[in-house]
Every structure is written in C-alpha cells, then in structure tokens.
*Asks:* 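One structure follows; several queries about it will come next.
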Amino acid sequence: MSSERRKPYPFDQIEPRWQTLWDEREIFHGPNPGEKSFDAAKPKFYVLDMFPYPSGAGLHVGHPEGYTATDIIARYKRMRGFNVLHPMGWDAFGLPAEQYAIKTGQHPELTTRANVAKFKSQLKRIGFSYDWQREINTTDPRYFKWTQWIFLQIYNSWFNLKTNKAEPIATYRGKNPDEVRLAYVADVAVNWCQELGTVLANEEVVDGKSEVGGFPVVRRPMRQWMLRITAYAERLINELEGLDWPEGIKSLQRNWIGRSEGAEVDFKIDKSEPDGHQIRVFTTRPDTLYGATYMVLAPEHSLVDLIVTEEQWPSVREYREKTARKSDLERTELAKDKTGVFTGAFAVNPVNEERIPVWIADYVLLGYGTGAIMAVPAHDERDLEFARKFNLPVRQVVQPPGDEEPIGFVGDGIAINSPIINGLPSREAIRKITAWLEERDLGKGAINYKLRDWLFSRQRYWGEPFPVVWQSEPDGQHRKHRALDENELPVVPPPLEDYKPTGTGEPPLAKAKDWIRHSKNATRELNVMPQWAGSCWYYLRFCDPENDQRFVGEKAEKYWMGGSKPGGIDLYVGGTEHAVLHLLYARFWQKVLFDLGHISKPEPFQRLVNQGIILGEDGQKMSKSRGNIVNPDDVIDQYGADAFRCYEMFMGPLEQMKPWSMRGVEGVSRFLARVWRLIMTENQSGQWELSPAVQDVDLTKAQQKILHATIKKVTGDIESLSFNTAISQMMIFVNAFIPQRGTETIPISAMRTFLVLLNPFAPHLSSELWENLKSPGQITAQNWPGYDEKFLIEDEVEIVVQVNGKVRDRVRMSIQAGEEEIKKAALALPKIQELTTGKRILKVVVVPKKLVNVVVE
RNA sequence: GCCGAUGUGGCGAAAUGGCAGACGCAACGGACUUAAAAUCCGUUGGGCUUAAUAGGCCCGUGUGGGUUCGAGUCCCGCCAUCGGCACCA
C-alpha cells in the first residue's frame, strides 16, 4: 500500500486543526461544583478508563479500544446534558522504568516523563475528549503524598467485628493495638523472586513464576508489611451484589475470596504429659468426623516441633527440608503424587476417643484454614490417595444416594457409622454435630476464606516509600514502627546512583545512607509500596486533582461519586487482566475510606465493562515475536483518527475478542469518505467545496423515516454500548442519502442531524462538516437529537404468510388491519389456497403487523 | 476437576421466540478510464429443478433430544475452543 496514495478525504488537515481547537478552548473541561461554569441543574456522569502504565513502547491498538468506547459515551452524555467527568492519567510507578534505570543509570523519573509525553501525544492524536486539566500521575509527589496519607489511615485503624467496619485505632480497647491494625508487620512466608530482587503478592505469582518477567519464585520467611484485606472478605463478596458487573468477573472475585462454611474442631494430642497440645483443623464436612482415620499437618506447621517423637525426628526433618527446597512451581507440578511422613504422634478424635496417627504432608497448605486437616479418606479424593499410598485405614461414614460407589464419594448423602448423627442427611448432620461440638467446647462453626492478607511491601526503588519510621525502644534492644505525622508527607524517594536490588532482600533504599536517618533515634522504613497502591484510589483523585488540603475535596467527591447506587463511577471500562487484583484492592481501599467517613460510597465502580482483546491479523495474540503488532500511529497516518476510532468500534461487540483487519479499516474509511463526499465536492482545480446538491429542502417521506430510524437505533445502541451496530445503521443512512438518478438534492437539515449522531464516533470529520454547512455554534454544544415514532410507522406493512412454519407467501396489509382481516386475506392467497385445499386447517396463528402461520395436518 | 465465556457464509459479524446472514470485508460481473487506481452499479450460504440468474423445491446457526403453531434465540444432555482457578480440606 503506497503511502503517497491520495487520501480519500483530507483527514490529515482536518484532524490536527480540531484537536488544537479543542485543546485551546478547553472544550472538554468538566467543571467542579464551585467553579464558575458549573451548572448544578445538570446530572453528572463519571466515565472512566483504566489508566495505563506509560511504557516505552507507546500505545498499542488494544488501549484505544476501551478508550474509544468511553469517549463515545462521554461525548454522547455531554450532548445529552450531563456534566461529564472523563479523565486520564498515568499509573507510572513500576518495574520497567526501574529496570531501565538499572541498565542505564537514568533516573526513572526521566524515563517516566518521556513515556508520558509519548502516550499523551498519541492519545491526543486519536481525538479523545479527556479533561486534561485533571491529568494525574501516580509518581508525582503531589499525588503520592495522598497515597501515603491513605496508608496512614489504614495503619491507624482496625476492623471492629461488632460493627463490621474499620474504626480509628483510638477506639480499640485491647492491650496492643499493633496486633489489630489494618496495616501491620509480620514475618510471613513470602514469594521471593531472586531475579527481581523482591517479594511478590500471591496475585503476582503465576504457576510459581513472577507475573512480570516469568522468573522463578520461592517461599521464604521475611518481615513484611501486610494489609488486613481478609477483614473485608465477607463484605467484598456480599457487596458485589449491587454492582452492574459482568457475572464472570463477579464470580472470579468470589472465587478468589473463596468463602467456605464448615467447622473448626480441636483434636488433643495423645501424649502422657498433661500439658496437652491440640491440633485445630478446619473442615467443611464435620459430618464425616467419624471417618477421620488420620491427621495431616502442613510441614511448616509450628506444632510439628512439639509433637514429633524422638525416633521420627530424622525422617521428619528430612521431609521438611525437601519440601522447603521445592519452589511453588515444583510443588504444583508434582501435585498428583502424594508424599508425607509420620510424626510418631497420635491425636484423639473428639467424637469417639479414637487414637489416630498424625502425619505431615505437603498436600496440606500452611496458608489455608488452620494448616492442618483431619483426613477422611473414604470421602475425600486427596485423603484417599494418600491413605492408599501409606496403607492407612478407610472408613465409610456417608451413604451415597442411589447405587454410587461409597468409597471416594464426596457429595451429600446419609450419615452412617456415626452414632451421634446416624441416618441424617449430610446438611442436617453437619448442623447437629457442629452444635454437639460447640456444647462440649470441642469445636465451633467457622467460615474460612482462601483470600490471604495483602502483602504490601516491595524491595524496590521506584514506588511510594512508606510514611513509617522505626524507632528504638527505651530498652535499646527492640525497634518499633511508628507512623509519620501527616505534615511530614510526602516522603519522597532519595536519589540513588545505583538502583540495583541488593540481592539480599534488603531494599535498594538501604543504599541512601543520609535519607534513612529520620531523626536521632529513628530510621526510615526501606520498603516501598507495590504498584497497585496508586491505582487503588486514582479515580477519587480525578474528582479534585489539584486539592492540596485533602486527598479529594468533600464536595467534589460527593458530586462526582454521587448517585443512588452503591458505586460512584457510572461506567468503568478496562481489560479482564484486572478482574481480580486491581478491582479487589481498589474496592478494599474504598471500603476503608468509606468506613472512616472520608468518602460517601462503599463501592467505587458501579458499572464495569471489559473490552475484549484485539488479536493480530493472523488471529493470534499480538506479540513482538510474532511480528503481528499493529501500531495505532501507522493506522492513523494512513486512514486518519476517525477511521481508526470507527473501525475499532465496528469490528464487533466491545466485550468480544476479535482479530484486527486492515481491510476492515479501509472499509470504514470508505464510509467516512462517502460521508465527506455527500456534503463536499471537488471542483475543477481540485479544491473541496460545499456540494451544490446540499440544499435547504424538505425530506421525502422515505428520508424522514430513515433519519428517525437512525436516530433511534444509534441512540439505543450507544446506551447499550453496541457501537458496531450503531455504525452499521449510519452506513445504511448514508447509502440511502447518496444521490440516485432522480433525487439530486441532499437536505441540509438531515445532514446536520446526522452529523450530530456521527460526532461521538468521528468527532473531527463531523465537526469539520458541521462548520462547512455553516451550522450554528459548535457541534459539541448541540443537543442530542430526538426521534419521532410517527415517522417510523408506515401505513402498510408486509405480512409473512407461513404454512406449518415455512414462509410461502407475503401480503401487504394496512397497519390497522385486525386479526380476522389479516387471517382472511392470508387464507385467500392463491398460493396458500393451493397448499391448504384438501387439508384440514388445525389452527391459524396471527401476529399483527408481522405474520400469519397456517397450521394444517 | 471446578467456574465462566463462546460456537452462525470464504472472513469480521447481525437478528424483543416470528422472513437467518443486516452492515462491512473478500470475490465475481459491469460502468467510467487509453490503462490502472479511486469512485459508482449489480451478484454472492449450500444444493436440486428449470432453456433461464423467471418461477418452484429442499437443506442450513457445533451436536443429540425437548418445549412451541413457530427455536440461532428457551430447557436438558454432549462435543469443541478460549479465559480463569486448581492438593483450598
């Protein structure tokens, strides 16, 4: 495709002109309450994109897919009389800039600045109507000051189970507040990635490898900052209810939080000593307690040290070492092959006083439940496999319904061999035995979650430093964390010569010797926050980005995050890759801030839509190695931004995965060129001028109909985000208005209305043509057109006539024709006569204005 | 294994339970042109019948059943693809 080919219409002149004009006049600024141009009579609409990480590679065609959708909505809502908040910013802390710094010594701030400039100019080239006055950058001290401030709120609060919400730590009556803070320090087995030199959150580890880079990750105990997200597990599940999210994303979140109901049961260790250790297990099936024939502790379980017998120590020690050496990857790869060793200890089953052996095995995870299980091999696949391997007894305690194989049956049935609950169906048996345990103080009903607390510190440079110092205790031995005062914010990262991780687990900030010292007896926390921190609340900052008194002004927050629904943002569009992490973390922070009374909504995102990923022309995922990446700049050079936008929307349903096609872009570009030539014509000297066919004439009845049908369809389709069919309808409109032999004129009023409809999709072209038609004011200031049903109704309709469900003929009838009349007319048709004579007519179904179905034997 | 999504022409796709394939791409034919590009017009799911691209008939939305006058659409079973989770007790 030669680039010197003539442009189908002069988009290369039109587009930059309008972009400059929008910029200079700040046409898309959405004023806050209190600003001069604010109109309180208008309703608000907050439409948000997931803000990007400004990478060095620039935009790819996936970014603008969601951005175009939200831009159409934003432009449409403005014309519908809403105050629209449509902002953009940069999630700019993170690994690539830091790794670039390690390689080149260039400060990440410089890299970030260059990348932001590139992204911004690319976005502007597409003509998005962002309110650039609200641009934010998570790495800007004026921004992360408030990220740190929010951390202080989390640090300075605790979760009150009685009220089921976070409260200021001052209201905590216990002895040691540090035990209950929502941000706390713990020695935990973390995901350590040697290659990246940092720990990672569970969520950032995929198949035992780092999500970023794919480097191996191992378990290692380290002292880390944690956020008590588990306190919100219940609410994070329950409050999904009121949100307009795709069901799939909701269930992903529910799944991740992983609620299960059951009981905790205590088993006493059978040792002669009276000090009596206990093993507490979690089970979802307390009704199978009589079937417990052995127990298993996670190898790392702290009780193991206390109960192992002399003679079993060597094998236990060996097994533990072997397990510890395994990475998560190996542990899952070997998942199917059960291993374990006997501890030599026995426990007593509380329901029948039976002595059962205690084993350790790595199929029991320290991180889930209590890190210990009662094994019921008859009714649990894993236990059964283990029992068979080590010849442990198997006892059936549930009778399956029907004639299913009882051993290995894991469903609900009837309790047997279980004196207390014999004969009861499983659900009832669970209730009864749980009550029985509770009465005797042997256990209690319990709810357990897969969700772990959020590992919140990273051993990196390019992130928000913690607003925390470590202070020597009077005894001179211990050091204790203390939050900085609000007025000491922001804590800005120190400049470094060398950004490399130390490799020891000590963060790179340790190299800034001067910076570390906070005061005479206090040194700074050296970890930084994970990249998620900045994106947990950016949507709030957009409401009031300049505020230097508060993270967001109260009035602005109430206004933009307002409304009658639980979530404040009216529409949030982004990729599914954030289905769990970002969306869960942001909801968590929102709830903490809500509980503490800082904001007005319990949920951030009322309506969520995921755009599907765009594949390469070959139907494969776009990647450098496949060489199938499409660069938006190239597309815009060749076809213009409007064609780019329209093609992205015309490809198919927004939420669907779909392959790119340059031919498709060309097709859409042809459509836009037809719009151009409908109104403009080229004169002898090759100049574009207004077409003489465009005249102030009345519309024909047919034109009237198609115009109103188009208004109706496009309006409905924008509301339901069905942009592909909206564009189809506009194509139909244009095809119908192209001058045919006979109709030589193009009614100017229809063109003006159409340009308004087209404006959200192709803002440059429609603005230019609007101006060329000498229309009043700016197109962006127009009201969205309404349609009149009366133009859509025809006097006559074609009615399909079926015999036994097959279309055999059709008949034109007046719209007013009644059922009887239609029936009569249909049966009178010669063709129908022919097909029905000699047959008995069983039934005639009449759907007015649509069809008749004659049912014969 | 569990959860979720998706299966419609050569391709992207469209269709409140009521004419399957709108719109676009590609392909083919034609107009304009010395020619090409661009543009415009027409044809285009498969098959049978027919002199006929008139007319007529049959089949067709992954697959097998069901509900219904009528199913791409609703219900049940199965298959395939994609995404997520996965020794979660």
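Labels below follow one simple rule: chain letters A, B, ... track the order of the sequence lines, proteins then strands, and each chain is numbered from 1.
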*Asks:* Using atom P in both nucleotides, what's the gap between B:U68 and B:U63 to the nearest angstrom?
*Replies:*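 Pairwise P distance, B:U68 against B:U63, rounds to 23 Å.
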*Asks:* Considering only side-chain heavy atoms of A:Tyr363, which listed nucleotide, B:C87, B:G18, B:C3, is closest?
*Replies:*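 Looking only at heavy atoms from C-beta outward on A:Tyr363, the closest nucleotide is B:C87.
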*Asks:* Taking only N and O in the side chain of A:Thr576, is any of them less than 4.0 Å away from OP1 or OP2 of B:G84?
*Replies:*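 Answer is no, no contact under 4.0 Å.
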*Asks:* Expressed as a whole number of angstroms, how long is the span from A:Leu365:CG to B:C85:P?
*Replies:*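 Checked: the CG to P distance equals 16 Å.
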*Asks:* Could you measure between the two C1' atoms, the one in B:G70 and the one in B:U16, and give it in whole Å?
*Replies:*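 After rounding to an integer number of Å, I get 16 Å for this pair.
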*Asks:* Who is the Watson-Crick or G-U wobble partner of B:A54, with both distances under 3.5 Å?
*Replies:*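 WC or wobble partner does not exist here.
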*Asks:* In whole Å, what separates the P atom of B:C69 from that of B:G56?
*Replies:*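 Straight-line distance between the two P atoms is 28 Å.
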*Asks:* Count the heavy atoms belonging to other residues, nucleotides or ligands that lie under 6.0 Å from CD of A:Glu719, then report whether that count exceeds 12.
*Replies:*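 Buried by this count: over 12 neighbours within 6.0 Å.
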*Asks:* Starting at CG of A:Leu851 and ending at P of B:A71, how long is that distance when rounded to a whole Å?
*Replies:*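 Value for this atom pair: 12 Å.
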*Asks:* Does a side-chain N or O from A:Lys806 land closer than 4.0 Å to OP1 or OP2 of B:G60, or not?
*Replies:*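 No, because none of the side-chain N or O atoms of A:Lys806 sits under 4.0 Å from OP1 or OP2 of B:G60.
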*Asks:* Identify which nucleotide among B:A26, B:G84, B:G4 has an atom closest to any side-chain atom of A:Arg663, counting heavy atoms from C-beta outward.
*Replies:*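 Selected nucleotide: B:A26.
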*Asks:* State whether the distance check finds a donor on one side and an acceptor on the other, under 3.5 Å, for side chain A:Arg810 versus base B:C19.
*Replies:*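 It does, because a donor-acceptor pair links the side chain of A:Arg810 to the base of B:C19 below 3.5 Å.
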*Asks:* Between A:Asn724 and B:A14, does any side-chain N or O lie under 4.0 Å from OP1 or OP2?
*Replies:*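 For A:Asn724, the contact criterion (side-chain N or O under 4.0 Å from OP1 or OP2 of B:A14) is met.
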*Asks:* 5'-most contact on RNA chain B: A:Asn255 or A:Leu835, nearest heavy atom basis?
*Replies:*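 Residue closer to the 5' terminus by nearest nucleotide: A:Leu835.
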*Asks:* Roughly how many Å apart are B:G10 and B:U61, using the P atom of each and rounding to a whole number?
*Replies:*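 To the nearest whole Å, 13 Å.
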*Asks:* Is A:Gln656 near enough to B:A5 that one of its side-chain N or O atoms lies under 4.0 angstrom from OP1 or OP2?
*Replies:*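 Indeed not, no polar side-chain atom of A:Gln656 lies that close.
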*Asks:* Counting Watson-Crick and G-U wobble pairs only, both distances under 3.5 Å, name the nucleotide matched with B:U43, or none.
*Replies:*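 Per the H-bond distance test, B:A27.
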*Asks:* Taking the same atom, P, in B:G62 and in B:U50, what whole-Å distance lies between them?
*Replies:*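 Straight-line distance between the two P atoms is 33 Å.
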*Asks:* Below the 4.0 Å mark, does B:C19 have OP1 or OP2 next to a side-chain nitrogen or oxygen of A:Arg808?
*Replies:*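 It does not, given that no N or O in the side chain of A:Arg808 lies less than 4.0 Å from OP1 or OP2 of B:C19.
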*Asks:* Do A:Lys338 and B:C87 share a donor-acceptor pair, side chain to base, under 3.5 Å?
*Replies:*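 When only heavy-atom distances are counted, A:Lys338 does reach the base of B:C87 through a donor-acceptor pair under 3.5 Å.
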*Asks:* For the pair made of CD1 in A:Ile832 and C1' in B:C19, what is the distance, rounded to whole Å?
*Replies:*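 The answer, rounded to whole Å, is 13 Å.
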*Asks:* Using the closest heavy atom to pick a nucleotide of RNA chain B for each, name whichever of A:Val847 or A:Pro659 lands nearer the 5' end.
*Replies:*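 Looking at RNA chain B, the more 5' nearest nucleotide goes with A:Pro659.
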*Asks:* Would you please confirm or rule out a distance under 4.0 Å between OP1 or OP2 of B:C69 and any side-chain N or O of A:Lys843?
*Replies:*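 Answer yes for this pair, as a side-chain N or O of A:Lys843 is under 4.0 Å from OP1 or OP2.
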*Asks:* Starting at CD of A:Glu381 and ending at C1' of B:A86, how long is that distance when rounded to a whole Å?
*Replies:*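 It works out to 12 Å between those atoms.
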*Asks:* If you check the A:Arg674 side chain, which of B:C19, B:G24, B:C57 turns out closest?
*Replies:*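 Side chain of A:Arg674 sits closest to B:G24.
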*Asks:* Counting only side-chain heavy atoms from C-beta out, which of B:G12, B:A89, B:G18 sits nearest to A:Lys658?
*Replies:*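 Nearest nucleotide to the side chain: B:G12.
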*Asks:* Please give the distance between the C1' atoms of B:G45 and B:A14 as a whole number of Å.
*Replies:*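 After rounding to an integer number of Å, I get 15 Å for this pair.
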*Asks:* Taking only side-chain N and O atoms of A:Arg670, does any of them lie within less than 4.0 angstrom of OP1 or OP2 on B:A26?
*Replies:*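 Answer is yes, contact under 4.0 Å.
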*Asks:* Side chain of A:Thr725 only, heavy atoms from C-beta on: which candidate in B:A15, B:G4, B:C23 is closest?
*Replies:*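 Selected nucleotide (nearest to the side chain): B:A15.
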*Asks:* Should the heavy atoms of other residues, nucleotides or ligands under 6.0 Å from NZ of A:Lys849 be counted, would the total exceed 12?
*Replies:*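 Open: at most 12 neighbouring heavy atoms sit under 6.0 Å from NZ of A:Lys849.
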*Asks:* Nearest of B:G84, B:A26, B:G24 to any side-chain atom of A:Asn735?
*Replies:*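 Looking only at side-chain atoms, A:Asn735 lies closest to B:G24.
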*Asks:* Counting heavy atoms from C-beta on, name the nucleotide in B:C19, B:A89, B:G24 closest to the side chain of A:Glu798.
*Replies:*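 Shortest atom-to-atom distance from the side chain points to B:C19.
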*Asks:* Does NZ or CZ of A:Arg587 lie under 6.0 Å from the centre of the six-membered ring of A:Trp245, at an angle within 45° of the ring axis?
*Replies:*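 The answer is yes, since A:Arg587 meets both limits relative to A:Trp245.
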*Asks:* Write down the distance separating the C1' atoms in B:G66 and B:G12, rounded off to the nearest Å.
*Replies:*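 Their C1' atoms lie roughly 34 Å apart.
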*Asks:* Using purine N1 to pyrimidine N3 plus N6-O4 or O6-N4 for Watson-Crick, or N1-O2 and O6-N3 for G-U wobble, each under 3.5 Å, what pairs with B:U81?
*Replies:*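 Base partner found: B:A5.
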*Asks:* Are A:Phe733 and A:Phe754 an aromatic pair, judged by ring center distance below 6.0 Å?
*Replies:*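 For A:Phe754 and A:Phe733, the ring centres are under 6.0 Å apart.
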*Asks:* For B:A86, give the paired nucleotide (Watson-Crick: N1-N3 plus N6-O4 or O6-N4; G-U: N1-O2 and O6-N3; both under 3.5 Å), or none.
*Replies:*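 B:A86 is paired with nothing.
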*Asks:* Within this structure, what is the CD-CG distance for the pair A:Glu577 and A:Asn610, rounded to the nearest 0.5 Å?
*Replies:*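 Taking CD in A:Glu577 and CG in A:Asn610, the distance rounds to 8.5 Å.
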*Asks:* Examine A:Tyr9 together with A:Trp688 and report whether their ring centres are nearer than 6.0 Å.
*Replies:*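 Here the rings of A:Trp688 and A:Tyr9 have centres that are no less than 6.0 Å from each other.
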*Asks:* Could you tell me if A:Lys338 sits above the aromatic ring of A:Phe386, with its cationic atom closer than 6.0 Å to the ring centre and no more than 45 degrees from the axis?
*Replies:*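 No, a cation-pi geometry is absent between A:Lys338 and A:Phe386.
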*Asks:* Should B:C19 form a Watson-Crick or G-U wobble pair with both distances under 3.5 Å, which nucleotide is its partner?
*Replies:*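 Matched B:C19 with nothing under the 3.5 Å cut-off.
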*Asks:* Of the nucleotides B:A89, B:G12, B:C69, which has the atom closest to the A:Val845 side chain?
*Replies:*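 Of all the options, the side chain of A:Val845 is nearest to B:C69.
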*Asks:* Side chain of A:Ser728 only, heavy atoms from C-beta on: which candidate in B:A13, B:A22, B:G24 is closest?
*Replies:*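 Nearest nucleotide to the side chain: B:A22.
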*Asks:* Give the nucleotide from the list B:A14, B:A89, B:C69 with an atom nearest to the side chain of A:Asn853.
*Replies:*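 Of B:A14, B:A89, B:C69, B:C69 is nearest to the side chain of A:Asn853.
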